[in-house]
Amino acid sequence: MELGDLPQEILIDIFLLLPLKSIGKCRCLAKSYRQQLSTPNFIKSHLSRNTHQENLLLVTPFDTIYSIIPTIKDDTIWKKLPGLDLCNWTEVVGSCDGLILMVLEEFEKFLVNPITLQMVKVPKSPLALKRKKSFRMHGFGYDSSSDDYKVVTLSYYDTDNEHRSNDTFVDVYSVKRGVWKRVERSPYDHSVLQLSPWDYFNRELSQQAMFSKTLSPGAFVNGAIHWLARSRKPGSPSVIAAFNLTEEVFDEIPVPGGVDVQMFVFNKLVVLGGCLCMTHTRENGSIDVWTMKEYGLKESWAKFNIHAANDVWDIFKPLYLIRDEEVVLVTEVETLVVYNRREGTLRDMVVGEGRVVDDGCTFVGSLVSPAHIAPESKTRSLVEVESKTPSLVKVKTEKV
Amino acid sequence: MARKNRNPVGKNVDPEAQKKKTRTLTLKSSDGQEFSISESAAVLSIAIENMVEDDCAGGVIPLPLVDGGTLARVITYLNKHAEDGASDEEKRKFDEEFVSGMEMGVLFDVVLAANYLDIRGLLREVRRRIADRMKNKSVEWVRKTFHIESDFTPEEEEQMKKEFAWAWEGVDSDVDD
């Protein structure tokens with residue numbers, strides 16, 4: 001009796017119950033296994049069956065990436081991710097289904113699966129605005145209607161803040177098709193982000209920081225990537241703008257009751273435990289975290305406060321939720337601390353060899369490959385021209 | 001509005017259920033062994049239930065794809081799950097013990113029988129047990145246990161080790177616990 005004699009549906013059901021590494025090893029059993037365990041269908045079924053344990057990925061100044069493992073205790077096991085440690089990552093944009101969008105010092109974007117260590121470069125957009133004259137922010141997510149992962153880049157020209165109504169271009173990259181396209185401009189004013197007093201001050205000090213870190217990455221939840229922006233309506237109220245990856249248009253989602261609509265554009269959006277969260281730093285250094293428990297439902301926003309006031313640092317943003325009980329936070333001085341919600345206590349978190357982290361994000365372990373591009377044509381256009389805005393786009397064709 | 005209860009005495013005395021409990025069926029294995037089983041236990045297998053409903057049973061139900069040893073195990077499982085008053089917790093515990101002692105070959109036989117007889121709970125349990133045994137084991141262990149021959153050339157094998165290096169680290173000891 002061989003395992004191969006079991007009916008295929010039983011066999012696949014058994015493999016679906018295996019952890020990621022076991023599946024990786026079973027791919028090495030024989031050719032037929034390699035094929036069966038690598039199909040997109042199998043990978044998708046495994047992703048949907050897997051108990052979605054969130055891991056944490058961090059980039060440290062040693063240019064090494066550490067990943068981790070289920071729950072965070074004091075004896076957390078940090079691991080180097082081989083092959084990714086020589087890169088100067090400057091930004092971890094976000095993750096979806098186990099793929100992480102990361103940006104290098106040289107502005108190159110990569111999709112990384114930290115489990116399978118596959119890494120694929122996102123081709124540079126021929127539509128991108130000149131770097132030194134513009135600002136940009138990225139987002140990454142999944143569109144279930146086209147079964148495609150998408151990178152979204154918002155960019156606008158730096159006009160020295162004279163023109164507050166800067167147009168924001170919206171470029172979308174389809175991972176499956178390997179194509180960038182420019183969709184309709186955002187109806188919102190996204191340029192306000194760099195006008196926060198802190199960022200404006202920073203700008204004089206560090207152009208590098210301005211270009212890479214201070215612009216907020218989009219938060220992907222529920223099929224849409226979210227950014228804080230200003231409406232172009234009278235009074236320029238703050239909004240949570242949601243870029244729907246299926247329709248490729250912006251929409252607004254309800255904001256928590258009682259927030260300052262003039263000011264909340266300076267807050268931060270993050271994803272914690274699968275929910276969209278907005279954080280606001282108070283003058284005393286403590287931060288409020290609103291969590292939208294049920295997506296799109298205004299009444300479902302719930303708030304908790306992290307009282308972390310001290311003389312040394314402020315909190316930059318929350319990163320990771322441990323069993324609803326503890327929150328891992330990045331501080332303004334780039335260290336990690338863990339806040340216990342029940343006890344109201346803070347403790348340091350040591351990361352690998354040092355204490356300093358540049359950026360990080362959570363991800364679920366998966367076998368999803370970042371190399372989805374269909375090899376159907378030998379030559380493909382890197383840009384797809386939208387009929388609405390043909391004059392904006394020059395089409396470049398490149399050999400693959 | 002209160003729902004009208006057509007059977008105020010409750011389902012405990014449902015005559016059809018009572019009949020099933022007392023009525024016995026005979027299951028015949030591939031090697032000719034015959035087993036008696038109450039109908040209420042037997043119909044936990046969707047395949048047997050269909051045969052009974054279609055009345056193609058004729059007293060003895062032949063199961064040409066299940067040998068006697070395996071059928072005896074399956075019947076033990078069915079009887080437990082048809083037992084009156086067995087709590088869910090009790091059944092869960094039974095399921096765990098039921099598969100924990102089985103050798104791999106037996107697990108294969110039972111998973112095939114559960115698939116053929118369409119006994120979903122048993123199928124789920126055995127699948128999980130097989131997967132648990134496979135977790136974190138080396139490629140060699142899996143090949144040996146499941147009698148799988150590699151059709152990779154030595155060069156391909158080396159290439160695979162490189163490509164799937166992430167999966168090869170941290171392999172458990174191959175002692176099958």
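Every chain is numbered from 1, with letters handed out A, B, ... down the list of sequences. Side chains are part of it too, since the values below use all heavy atoms of this structure and drop only hydrogens, waters and symmetry mates.
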Peer 1: Quick one: list whatever passes salt bridge (charged side-chain N to carboxylate O under 4.0 Å, His left out) with Asp143(A), sequence neighbours left out.
Peer 2: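 With sequence neighbours excluded, Asp143(A) shows a salt bridge (charged side-chain N to carboxylate O under 4.0 Å, His left out) to Lys150(A), given in chain and number order.
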Peer 1: Report, one line per pair, each donor and acceptor closer than 3.5 Å where one atom sits in a side chain of residues 101-108 of chain B; sequence neighbours left out.
Peer 2:
none

Peer 1: Any salt bridge between Glu163(B) and Arg34(A), counting N to O under 4.0 Å?
Peer 2: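 The answer is yes: the pair qualifies as a salt bridge.
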Peer 1: Any side-chain heavy atom of Leu29(A) within less than 4.5 Å of one from Ser150(B)?
Peer 2: no
Peer 1: Using 0.5 Å steps for rounding, measure from the CD1 atom of Ile14(A) to the CZ atom of Arg127(B).
Peer 2: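 These two atoms lie 7.5 Å from each other.
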Peer 1: Distance from Met134(B) atom CE to Ser22(A) atom OG, nearest 0.5 Å?
Peer 2: 7.0 Å
Peer 1: State, to 0.1 Å, how close Trp166(B) and Leu117(A) come at their nearest heavy-atom pair, and which atoms those are.
Peer 2: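 Result for this residue pair: CB-CD1, 4.0 Å.
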Peer 1: Rounded to the nearest 0.5 Å, how far does CG of Leu123(B) lie from CG of Asp13(A)?
Peer 2: 7.0 Å
Peer 1: Measure the spacing between CD1 of Ile130(B) and CG of Leu17(A) and express it to the nearest 0.5 Å.
Peer 2: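 With rounding to 0.5 Å, CD1 (Ile130(B)) is 10.0 Å from CG (Leu17(A)).
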Peer 1: What distance do Cys28(A) atom SG and Met160(B) atom CE have between them, rounded to the nearest 0.5 Å?
Peer 2: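 Here the interatomic distance stands at 4.0 Å.
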Peer 1: Measuring only between side-chain heavy atoms, which start at C-beta, is Lys25(A) closer than 4.5 Å to Phe164(B)?
Peer 2: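 Not in contact.
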Peer 1: Is Lys80(B) atom NZ crowded by more than 12 heavy atoms from other residues, nucleotides or ligands, each under 6.0 Å away?
Peer 2: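 Counting neighbours around NZ of Lys80(B), more than 12 heavy atoms of other residues, nucleotides or ligands fall under 6.0 Å, so yes.
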Peer 1: Would the number of heavy atoms belonging to other residues, nucleotides or ligands and lying under 6.0 Å from CZ of Arg124(B) be above 12?
Peer 2: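 No, not enclosed.
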Peer 1: Between Pro19(A), Cys26(A), Ser32(A), which has the largest tally of heavy atom pairs under 4.5 Å with chain B?
Peer 2: Pro19(A)
Peer 1: If you take all heavy atoms of Ile148(B) and Ala30(A), which pair is closest and at what distance?
Peer 2: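 Between these two residues, the closest heavy atoms are CG2-CB, 4.3 Å.
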Peer 1: Do Glu156(B) and Lys31(A) have side chains that approach each other closer than 4.5 Å (heavy atoms only, starting at C-beta)?
Peer 2: yes
